[in-house]
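Predicted model, so just to flag it, every value in this text is computed and none were measured. Position 1 is the first residue of the sequence; numbering continues from there.
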Amino acid sequence: MDHTRAPLLEALADYHRLGRYGFTPPGHRQGRGTDERVLDVIGRDAFGSDVLAVAGLDDRLSRGGYLARAEALMADAVRAESAFFSTCGSSLSVKAAMMTVAGGHDGGLLVARDSHKSVVAGLIFSGVQPRWITPRWDAEMHFAHPPSPQEVREAWDAHPDAAGALIVSPSPYGTCADIAGIAEVCHERGKPLIVDEAWGAHLPFHDDLPTWAMDAGADLCVVSVHKMGAGFEQGSVFHLQGDLVDPIRLSECADLLMTTSPNVLVYAALDGWRRQMVERGQELLGDALRVAEQARRQLAEIPGIQVLEDELLGTEASHDLDRLQVLMDVSGTGASGYQAADWLREHRRIDMGLSDHRRLLATLSLADDKDTVDTLIDGIAAWRDQLDDPDPPSIDLPSPEDLQLESVMLPRDAFFGPVETVDARDAVGRIAAEQLTPYPPGIPVVVPGERIDGAVVDYLRTGLDAGMNVPDAADSRLRTIRVVARGRTGS
């Protein structure tokens, strides 16, 4: 295929060149009706390219085929059989994938318990029964590693009627599962493997990055191009191969969830990024990996900063690591990651990809170079230099066993059924009716339908006091928690 072409971008250029005008949405008419104060901030060009996808960029019957050709080029670029664009992020894409494989299936779906909150939302929407795959916990670092093939095998042995399996790889920390081994375990049973690869859109384009899910044998994966690529926020792609997932069903499930007004800017950026990666991906990502190695080396020289790498890999840890994710343990400084992130934002205008009670994450990409990395290193060093007997609030960290809550009800039934709001201490022993999710990384500590224990309540309450963000809690300070009303199953 001719990867010098970008059908959606070319169609948008033609739209401008021909001076088209639509008596259709969007009502701003390419910025003609937009307040000048808005244009001063966002830019006239952004509005000028915000056009209707059908009966705008393409005709009313999509006879130009711009989207279909762009999706075919994307699939070819990453060695998948087909690709589907989404403008609602991988949060939508993973829901559609789950519904396609397990919707209406009584056996449920094997789901890694370290999955993103969007996966739990998919369980709530679809009514699918989760069959949890326990991640590997590093109790010392309070860190979850992706499940191993053996853990997936054990989950299949316990739930042989499940419709398929879903894992997350890479994790938000850059750690990766043995996808090839897990795919083999699933395929022994004739069942599909879904990979939430939101953090891995760049993986097909450089040999020194972890193995891309399609190359490792996954049947269906979703990627967020805005995370590690060069797309707009919400730009996501489904990738599909093999005969274990029905592409028509996938398209239908995506259509149930997707907007009927997709943003052409998001589509066009996906198209242009694919062309850039095919033409220059090896070069650009190679440069980024070298810059990341420089960052790792120099950050490790700062007193109290441990740049994590070998500690994350091994038989009882992760299978591989995306080294563009530079994860630092700052506990040796006596401060927390939350404190470091807040100082860097306030004093150095640097925003970090992730922070927790002991870690900071710098997510590097093809856009970074020596100058941006020097800014990062200088900022971390300045933060370290100004520390004077830091006294971070303590967090009551639960054991791995305490984090493995008992599943009592379907997430859908717990979420949509009668609920009560109770004092957080009184929620212990009750069944959760809401997600409670430290964000980032966005992995729920409590899922609707799980029985809440005291250790988790203590963890979240003390975590909030220390700087943790739990944005989906009904009570932002977690003084109260929504639980299943008395009289419901085991509540």
Side-chain angles (χ1 to χ4, degrees), residues 3-6 8-9 70 73-80 83 85-87 89-90 169-176 197-215 221-237 239 265-299 307 309 320-328 349-354 360-380 440:
H3 283 281
T4 66
R5 306 296 301 272
L8 288 163
L9 278 172
L73 283 162
M74 179 69 80
D76 184 69
V78 300
R79 303 173 293 281
F85 288 3
S86 166
T87 65
S90 289
S169 182
S171 74
Y173 297 94
T175 55
C176 301
E197 203 167 36
W199 287 96
H202 60 313
L203 299 185
F205 299 109
H206 199 282
D207 297 338
D208 291 336
L209 290 168
T211 304
W212 159 237
M214 293 285 96
D215 290 342
C221 78
V222 300
V223 300
S224 295
V225 173
H226 63 270
K227 281 184 165 68
M228 297 298 290
F232 283 115
E233 286 291 313
Q234 301 184 18
S236 176
V237 186
H239 295 291
L265 281 165
V266 176
Y267 276 167
L270 293 173
D271 194 23
W273 174 77
R274 179 270 315 159
R275 179 174 62 182
Q276 179 188 27
M277 286 295 95
V278 172
E279 293 178 343
R280 298 188 59 207
Q282 186 78 11
E283 169 198 349
L284 293 171
L285 290 168
D287 290 344
L289 285 165
R290 284 186 287 275
V291 165
E293 180 54 35
Q294 171 202 338
R296 289 174 172 276
R297 187 173 58 252
Q298 293 184 248
L299 287 167
V307 179
E309 187 163 351
D320 205 348
L321 177 66
D322 179 2
R323 287 164 175 80
L324 291 178
Q325 301 280 22
V326 182
L327 184 62
M328 294 163 273
R349 299 180 297 281
I350 294 173
D351 292 317
M352 302 302 293
L354 180 150
L360 279 177
L361 178 70
T363 295
L364 303 186
S365 78
L366 58 87
D368 286 296
D369 56 19
K370 183 180 182 302
D371 290 340
T372 64
V373 165
D374 285 346
T375 299
L376 171 67
I377 294 164
D378 290 346
I380 298 288

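- Atom CG of Leu360 is separated from atom CE of Met328 by 5.0 Å, given to the nearest 0.5 angstrom.
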Practice task
Check the pair Leu321, Leu327 against side-chain contact (heavy atoms from CB on, under 4.5 Å), reporting the backbone distance first and the verdict last.
Solution key: CA-CA 11 Å; Leu321 177 66; Leu327 184 62; over 6 Å; no

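- The shortest distance between side-chain heavy atoms of Thr363 and Leu361 falls below 4.5 Å.
- Using a 4.5 Å cut-off on side-chain heavy atoms (C-beta onward), Cys176 and Ser169 make contact.
- Between the Asp369 side chain and the Thr372 main chain, a donor and an acceptor come within less than 3.5 Å of each other.
- Checking side-chain atoms of Arg323 against main-chain N and O of Gly174 turns up no donor-acceptor pair under 3.5 Å.
- Contact of the Arg79 side chain with the Met214 side chain is not registered, since no non-hydrogen atoms from C-beta on lie closer than 4.5 Å.
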Problem - Full working for side-chain contact (heavy atoms from CB on, under 4.5 Å) between Asp287 and Leu366 - result: CA-CA 7 Å; Asp287 290 344; Leu366 58 87; over 6 Å; no

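- Of all heavy-atom pairs between Ala201 and Val225, the closest is CB-CA, 4.0 Å.
- At a cut-off of 3.5 Å, with distance as the only test, a side-chain donor of Ser90 or Ser236 sits close to an acceptor on the other residue.
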Practice task
Decide side-chain contact (heavy atoms from CB on, under 4.5 Å) for Gln282 and Asp207; before the verdict, give the C-alpha distance in whole Å, the side-chain angles of both, and the deciding distance to 0.1 Å.
Solution key: CA-CA 8 Å; Gln282 186 78 11; Asp207 297 338; 4.1 Å; yes

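- Distance check: Asp208 CG to Asp322 CG gives 11.0 Å after rounding to the nearest 0.5 Å.
- Annotation: the span from Thr375 atom OG1 to Lys370 atom NZ amounts to 9.5 Å, rounded to 0.5 Å.
- By the 4.5 Å heavy-atom criterion applied to side chains, Leu376 and Leu299 are counted as neighbours.
- In this structure, CG on Asp320 lies 6.5 Å from OG1 on Thr211, to the nearest 0.5 angstrom.
- Considering only heavy atoms from C-beta on, Pro170 stays 4.5 Å or farther from Gln325 through its side chain.
- With respect to Arg296 and Glu309, a salt bridge is recorded, a charged nitrogen being found less than 4.0 Å from a carboxylate O.
- Taking the six-membered ring for Trp and thresholds of 30 and 60 degrees, His239 and Trp212 have ring planes more than 60 degrees apart, a perpendicular arrangement.
- Of all heavy-atom pairs between Gln294 and Asp374, the closest is NE2-OD1, 3.3 Å.
- Close placement of the Phe205 and Trp273 rings is indicated, their centers lying within 6.0 Å of each other.
- Between Gln276 and Ala230, the closest heavy-atom pair is OE1-CB, 4.0 Å.
- Using a 4.5 Å cut-off on side-chain heavy atoms (C-beta onward), His206 and His202 make no contact.
- The distance from the CG atom of Leu270 to the CG atom of Leu73 is 12.5 Å, given to the nearest 0.5 Å.
- The two residues Ala198 and Lys227 make their nearest non-hydrogen contact at O-CD, 3.5 Å.
- Side-chain contact check for Val237 versus Glu197: every heavy-atom pair is 4.5 Å or farther apart.
- Using a 4.0 Å cut-off between a side-chain N of Lys or Arg and a carboxylate O of Asp or Glu, Arg275 and Asp271 do not qualify as a salt bridge.
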Exercise for the section: Applying side-chain contact (heavy atoms from CB on, under 4.5 Å), run through Tyr173 and Leu354 and close with a yes or a no. Expected result: CA-CA 8 Å; Tyr173 297 94; Leu354 180 150; 3.5 Å; yes

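- Counting only heavy atoms from C-beta outward, the side chains of His3 and Asp76 approach each other to under 4.5 Å.
- Here the closest heavy-atom approach between residue Leu8 and residue Ala268 is recorded as CB-CA, 4.1 Å.
- Counting only distance, with no hydrogens or angles, the side chain of Ser224 and the backbone of His226 share no donor-acceptor pair below 3.5 Å.
- Annotation for Leu285 and Met277: closest pair CD1-SD, 4.2 Å, computed over non-hydrogen atoms.
- Within 6.0 Å of CZ on Arg297 lie more than 12 heavy atoms contributed by other residues, nucleotides or ligands.
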